[in-house]
Amino acid sequence: MSDDSSPERIAAELRRWIAEAAPGAKLPSTRSLVARHGASPVTVQKALHGLAAQGLVETRPGVGTFVRAVRVARPNDYGWQTAALGSPNHRIPDLPASLQSVPNDVVALHSGYPDRELLPRRLVRAAFTRAARTDALITRPPTAGLPDLQSWFAAELASVTPTGITPAAPSDVVIIPGSQCGLVTAFRSLVGAGRPLLMESPTYWGAILAAAQVGVTVVPVPSGCDGPDPDAVARAFERSGARAFYAQPSFASPTGALWTPALADRVLDTVRRHGAFLIEDDSAYDFGMTADPRPVAARDDGGHVVYIRSLSKSVSPSVRVAGLVARGPARTRILADTQADSMYVSGVLQAVALDIVAQPAWLTHLRRLRHELTTRRDLLVQSLREHAPDARLDAVPKGGLNLWARLPDAIDLDRVIQDCASAGVVLGTGNEWFPAEPTGRFLRLNYAGPNPGAFPDAARVLGQALARQF
Ligand SMILES: Cc1ncc(COP(=O)(O)O)c(C=O)c1O
């Protein structure tokens, strides 16, 4: 339970004060709040950040914290746009929690991208410096991508392709501006509006978003920490007549599932039997911890697997470069679609990405990253077990950036998230990861964000928020 000096108590008292105060009024200083509550400055700051995250106050550095002024300017009338736009064919979901920007000193467990500490910063800076001296700055790359980068993506997949299967060729690769674009392109080119697409549930929110944008009809297939049930995949193909299945066989976000070779074979058999595609999202390829990724694409040379691997999480979120591997007419359609959409990916970004992954230091970085992620994962798991045992983990992931925690069914999830935000801990709701109704109360907790030292405190805040509801 929280005491008088907890961030939640301080925030609750300030909320009452704000309700009575005029917009623009200055809040009591941190020093006086520290004195009044007998709390530490960090605790007071957490309370203030929670209020700022809720839009109740704004902090002006060096001046103080103020009740947010409500602007009373005359509202514009955009009503005419309703008539011009007509009703939407399909509604695209709002910005997911994973992309929410938050102040620096909250504990951010909601984000999808790794903290700068986990990026190869020196390699990125050096690669940009080198690229700036080349013609990459002023020339247009081929629409399918820089040939050397195509070769690198193909070689990476070939390196895990068993003998007896023809490895992907450089000409099978299309360089795309991030794997999110690859999902939109693949759904549009291989499925099309109004047609069925199988998708694991839960699955990556961005895939749900891409499906909504393209207007495909999502057919959810139940999945979990071991991946989907292959019989359920087969039944969904039979019932829906779908010709494509979007999945993440290696370290799925959010569940962390890593498909066994037997599961990969079963799903691949089903896909082949239905003359269908597996759209394999391998965004977590570089984030193996206690296991290596197992691309299903390496087991197929018949053009059934369309494979997407991103570098934007492991190299830098500002180097949005990914490789899409497809064979046959599917590749032709995908290339035509990306050309129509974005023409080509910035040559500078491609040169930078290639420079980085071609350095021996890249492999050293990946080895260090594996170790770092494992330490962070273990600390968060341990912190939850100690301080928030009601946040249940069905499995500890062998790779990826997140834990997928289930909360008791009776919990008010929004309230938990709000209570934690008031105490300076930002969480993302699990609801955004379900293409259909959520089947329980879940949180996706990212251990790759800043300040892992605060995981025990964050777990304590979560534990208190849960305890408050019983
Ligand atoms: C599973 C998954 N796929 C795709 C993406 C999109 O990545 P990119 O930055 O390459 O567009 C993300 C990003 O969060 C992701 O988690």
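Ligands are counted one by one from 1 in listed order, and the atoms in each one are counted from 1 as well.
- Atom CZ of Arg116 is surrounded by 12 or fewer heavy atoms from other residues, nucleotides or ligands within 6.0 Å.
- Of the N and O atoms on the side chains of Tyr204 and Gln180, at least one donor lies less than 3.5 Å from an acceptor on the other residue.
- Atoms of ligand 1 found under 4.0 Å from any heavy atom of Arg320, numbered from 1 in the order shown, are 8 (P), 9 (O), 11 (O).
- Among protein heavy atoms, atom 10 (O) of ligand 1 sits closest to Ser310 OG, 2.6 Å.
- Taking the centre and axis of the six-membered ring of Tyr285, the NZ or CZ atom of Arg309 falls inside the cone set by 45° and 6.0 Å.
- In summary, Asp286 and Lys313 do not engage in a salt bridge, as defined by a charged side-chain N under 4.0 Å from a carboxylate O.
- The closest approach between any non-hydrogen atom of Ser179 and ligand 1 is below 4.0 Å.
- Proximity to Tyr113 (heavy-atom distance under 4.0 Å) selects the following atoms of ligand 1: 7 (O), 8 (P), 9 (O), 13 (C).
- Looking at atom 3 (N) of ligand 1, its nearest protein heavy atom turns out to be Asp281 OD2, 2.6 Å.
- Crowding of Arg406 atom CZ: a count of heavy atoms from other residues, nucleotides or ligands under 6.0 Å exceeding 12.
- Under a 4.0 Å criterion applied to the non-hydrogen atoms of Gly178, ligand 1 contributes the atoms 10 (O), 11 (O).
- Polar contact with ligand 1: absent for Ser253 (N/O pair, distance under 3.5 Å).
- For atom 8 (P) of ligand 1, the closest heavy atom belonging to the protein is Ser312 OG, 3.3 Å.
- The shortest contact between atom 1 (C) of ligand 1 and any protein heavy atom is with Gln248 OE1, 3.1 Å.
- Atom 14 (O) of ligand 1 has its closest protein heavy atom at Lys313 NZ, 2.8 Å.
- Looking at Ser342, its side chain never comes within 3.5 Å of a backbone N or O of Tyr344 through a donor-acceptor pair.
- Side-chain N/O atoms of Asp378 and Gln382 include no donor and acceptor closer than 3.5 Å.
- Between Trp205 and ligand 1, no pair of N/O atoms sits closer than 3.5 Å.
- Dense packing is recorded around CZ of Arg370, with more than 12 heavy atoms of other residues, nucleotides or ligands lying under 6.0 Å away.
- On a distance-only criterion, Tyr246 and ligand 1 share no N/O pair closer than 3.5 Å.
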